[in-house]
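What follows is a set of notes on a single structure, which appears directly below.
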Amino acid sequence: MGIEQLLMVGVSREAPIELREKVCFDKRTGEALAKLKEIDGILEAVIVSTCHRSEIYVITTDPKALDDARLSPYIYALDGICAVKHLFRVACGLESMVVGEDQILSQVKQAWEIAKKYKSTGKYTNKLFREAVTLGKNARSKTGITNHSLSISYIAVLFILDVFKNLHDKNIFVIGAGEMGKLVIKHLVAKGARRIYISNRTYENALKLKEEIPEITVVPYEQKYEYINRSHVVISATNAPHYTVNLEKFTACHHPGDKICMVDIALPRDIDPRIGKIDGVTLFTIDDLKRTAAENQKKREHLVTIIEDMIDESLNDIIKWDNAVYAEKMIRHMNEYADEVCRSEYERVKNKLQDLDEKEKEKIKYSLERVAAKIVNRYLIGLKTLAEEEKLDESVVNVFAGGIFDEKNCKSRQPAKPVGISAN
């Protein structure tokens with residue numbers, strides 16, 4: 001038993017939707033785990049199922065246990081340390097459409113929790129998913145990769161947060177009910193905004209958006225300057241061919257010196273650029289957002305390299321752990337052998353110690369056990385070190401295992417190899 005018996009089978013995002021629907025486990029995950037455990041050769045199982053991902057991780061004695069030609073060519077499969085690396089990359093967000101995103105980490109953790117609930121995990125899957133979740137947290141904490149979003153709508157919200165640290169008590173007015181406006185609103189809600197007003201030239205489109213995002217309040221387009229006057233934040237994202245916020249009308253409603261953050265996500269621009277020169281006004285344009293997105297892309301490339309290094313370091317730790325597990329049977333055998341020697345030697349001399357009471361005899365027995373444990377421990381440390389350094393060959397196994405490993409078992413279990421940054 002070892003990491004080489006790990007198998008991961010997944011379905012590509014490029015697979016037809018009718019196929020992806022069939023392999024989306026959702027609420028059926030528990031039932032699927034139970035059925036997996038019934039398959040001959042599958043010892044442990046975890047299912048990671050999201051709207052973009054369906055992957056099954058199993059520890060199996062039969063590498064063909066999950067074969068299904070009907071899924072070809074959309075199926076992908078990895079085994080051994082390659083499957084471990086894939087799991088670590090998933091947990092770190094490197095396999096997500098938005099690199100470094102947070103949601104996948106909680107989904108991996110939830111998948112593991114569900115598998116534990118249905119008792120389909122074991123020594124290996126518990127170790128691997130525990131390490132994956134820890135690595136995912138550490139990677140995000142160390143690099144801050146989630147702070148370098150590539151989404152224009154999300155960057156717009158970050159700019160607003162840079163001006164107003166807290167959005168709970170801020171009035172936010174959005175002009176435009178299109179896709180960009182909708183995305184900005186969703187990010188604002190996620191960041192704690194509670195007072196969001198929206199206006200759209202076509203009133204019905206704004207009402208449709210409210211059905212999707214009930215937190216917003218729809219106001220007539222004709223009243224936009226009245227709401228601009230009340231707002232701390234104004235965001236405009238329309239496809240109008242002219243300014244939706246012009247200088248003269250804005251000046252008429254704006255109190256000089258009042259702090260207001262304005263974000264223009266439109267092209268051509270919605271907000272007269274001269275407004276940005278007014279005292280108290282902070283104006284961001286699409287160019288500001290795109291420039292930050294480009295800078296974030298460069299930062300992310302560097303951060304991805306750092307995370308990949310962290311993944312490789314964790315992989316090598318897993319390999320050492322796996323190789324040490326390989327030595328456990330020998331270690332257990334040696335401990336049992338030492339205990340047996342102590343018992344037999346104690347029984348041999350016990351009857352010769354007639355002048356000693358039971359308490360003194362127990363002290364002698366305890367001393368024998370301590371001597372044996374100290375001697376054995378020296379060799380156990382050596383065995384673990386040999387295992388971690390991949391030097392636990394057949395001859396060493398036979399000497400220390402006392403013949404409990406036959407030749408076939410020795411040759412069938414090869415310690416895993418360390419990986420480099422370029423390993424796939």
Side-chain angles (χ1 to χ4, degrees), residues 13 51-52 93-104 140 143-167 170-193 195-202 205-206 208-210 212-213 215-216 224 228 231-245 260-276 281-304:
R13 287 197 298 262
C51 55
H52 298 299
L94 299 191
E95 295 293 330
S96 299
M97 286 189 291
V98 177
V99 176
E101 56 102 356
D102 280 331
Q103 189 177 13
I104 187 61
R140 289 169 174 83
T143 64
I145 192 168
T146 53
N147 298 329
H148 301 289
S149 174
L150 306 180
S151 162
I152 295 296
S153 57
Y154 187 68
I155 291 172
V157 175
L158 293 182
F159 276 33
I160 296 167
L161 283 169
D162 194 47
V163 176
F164 298 107
K165 306 304 179 184
N166 192 323
L167 300 179
K170 299 297 183 289
N171 294 329
I172 301 173
F173 183 54
V174 180
I175 306 172
E179 187 64 23
M180 189 64 75
K182 179 175 72 174
L183 290 173
V184 171
I185 291 171
K186 287 185 174 181
H187 289 308
L188 287 168
V189 171
K191 291 297 183 181
R195 300 204 293 261
I196 303 176
Y197 304 89
I198 182 169
S199 182
N200 192 68
R201 189 175 293 277
T202 304
N205 290 345
K208 288 180 182 178
L209 184 57
K210 182 174 175 60
E212 185 175 346
I213 311 175
E215 291 88 350
I216 64 177
K224 64 182 179 182
I228 288 174
S231 299
H232 302 93
V233 177
V234 175
I235 302 164
S236 193
T238 77
N239 58 1
H242 51 74
Y243 294 144
T244 58
V245 183
I260 182 171
C261 177
M262 307 187 76
V263 182
D264 189 345
I265 314 180
L267 196 67
R269 287 177 287 183
D270 274 350
I271 301 174
D272 190 321
R274 292 175 293 176
I275 292 175
V281 176
T282 302
L283 174 61
F284 299 110
T285 68
I286 191 71
D287 284 347
D288 298 316
L289 305 180
K290 286 183 176 179
R291 190 179 306 112
T292 299
E295 292 170 356
N296 284 357
Q297 175 65 45
K298 292 180 180 179
K299 291 177 182 177
R300 276 186 168 232
E301 290 171 359
H302 171 64
L303 297 178
V304 165

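What you are looking at is a predicted structure, and each value in this text was computed from that prediction instead of being measured. The chain is numbered in sequence order, starting from 1.
In this structure, the side chains of Glu95 and Ile104 stay at 4.5 Å or more apart for every pair of heavy atoms. The shortest distance between side-chain heavy atoms of Phe284 and Thr282 falls below 4.5 Å. With a 4.5 Å cut-off on side-chain heavy atoms, Arg274 and Tyr243 do not count as touching. Looking only at side-chain heavy atoms (C-beta outward), Leu209 and Ile185 come within less than 4.5 Å of each other. Looking at heavy atoms from C-beta onward, Asn200 lies out of side-chain contact with Ile175 at the 4.5 angstrom threshold.
Under the 3.5 Å distance criterion, with hydrogens and angles disregarded, a donor-acceptor pair is assigned to the side chains of Ser236 and Thr244. For Lys224 and Tyr197, the side-chain atoms include no donor-acceptor pair closer than 3.5 Å.
Taking Asp162 as the reference, Lys165 meet the salt bridge (Lys or Arg N to Asp or Glu O under 4.0 Å) condition, with sequence neighbours excluded. Applying the salt bridge (Lys or Arg N to Asp or Glu O under 4.0 Å) test to Arg201 and every residue at least two apart in sequence or in another chain returns nothing. In this structure Lys208 satisfies the salt bridge (Lys or Arg N to Asp or Glu O under 4.0 Å) test with no other residue, sequence neighbours excluded. Applying the side chain to side chain contact (heavy atoms under 4.5 Å, CB included) criterion to Ala237, with sequence neighbours excluded, gives Met180, Ile265.
Between the Asn205 side chain and the Ala177 main chain, no donor and acceptor come within less than 3.5 Å of each other. Between the side chain of His232 and the main chain of Asn171, a donor-acceptor pair closer than 3.5 Å is present. A donor-acceptor pair under 3.5 Å is formed between the side chain of Thr292 and the backbone N or O of Asp288.
Residue pairs meeting the salt bridge (Lys or Arg N to Asp or Glu O under 4.0 Å) criterion with at least one member in residues 260-270: none, sequence neighbours excluded. The salt bridge (Lys or Arg N to Asp or Glu O under 4.0 Å) analysis of residues 170-180, with sequence neighbours excluded, yields the pairs Glu179-Lys182.
Nearest heavy atom pair, residue Val263 against residue Ala156, reads CG1-CB, 4.0 Å. Across all their heavy atoms, Thr238 and Ala240 have their closest contact at OG1-N, 3.2 Å. In terms of heavy-atom proximity, Leu303 sits nearest to Ile145 at CD1-CA, 3.8 Å. Taking both residues in full, the closest heavy atoms of Val157 and Val184 are given as CG2-O, 3.9 Å, listed atom of the first, atom of the second, then distance. Of all heavy-atom pairs between Ile286 and Ala266, the closest is CG2-O, 4.1 Å.
The CG atom of Leu158 sits 9.0 Å away from atom NE2 of His187, with the distance rounded to the nearest 0.5 Å. Expressed to the nearest 0.5 Å, how far CG of Asn166 lies from CG of Leu161 amounts to 8.5 Å. Rounded to the nearest 0.5 Å, atoms CZ (Phe164) and SG (Cys261) are 6.5 Å apart. Of the inter-residue distances, the one linking Ile198 atom CD1 with Ile216 atom CD1 reads 4.5 Å to the nearest 0.5 angstrom. Between the CE atom of Met262 and the CD1 atom of Ile160 there is a distance of 11.0 Å, given to the nearest 0.5 Å. Between the CZ atom of Phe173 and the CD1 atom of Ile260 there is a distance of 10.5 Å, given to the nearest 0.5 Å.
Between Lys290 and Asp287, no side-chain nitrogen of the basic residue sits less than 4.0 Å from a carboxylate oxygen of the acidic one, so the salt-bridge criterion is not met. Classification of Lys186 and Glu212 as a salt-bridged pair holds, one side-chain N sitting under 4.0 Å from a carboxylate O.
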* Worked check of side-chain contact (heavy atoms from CB on, under 4.5 Å) between Thr143 and Val304 -> CA-CA 9 Å; Thr143 64; Val304 165; over 6 Å; no

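Annotation: Lys210, atom NZ; neighbour count of heavy atoms from other residues, nucleotides and ligands within 6.0 Å is above 12. The number of heavy-atom neighbours closer than 6.0 Å to CD of Gln103, taken from other residues, nucleotides and ligands shown, is 12 or below.
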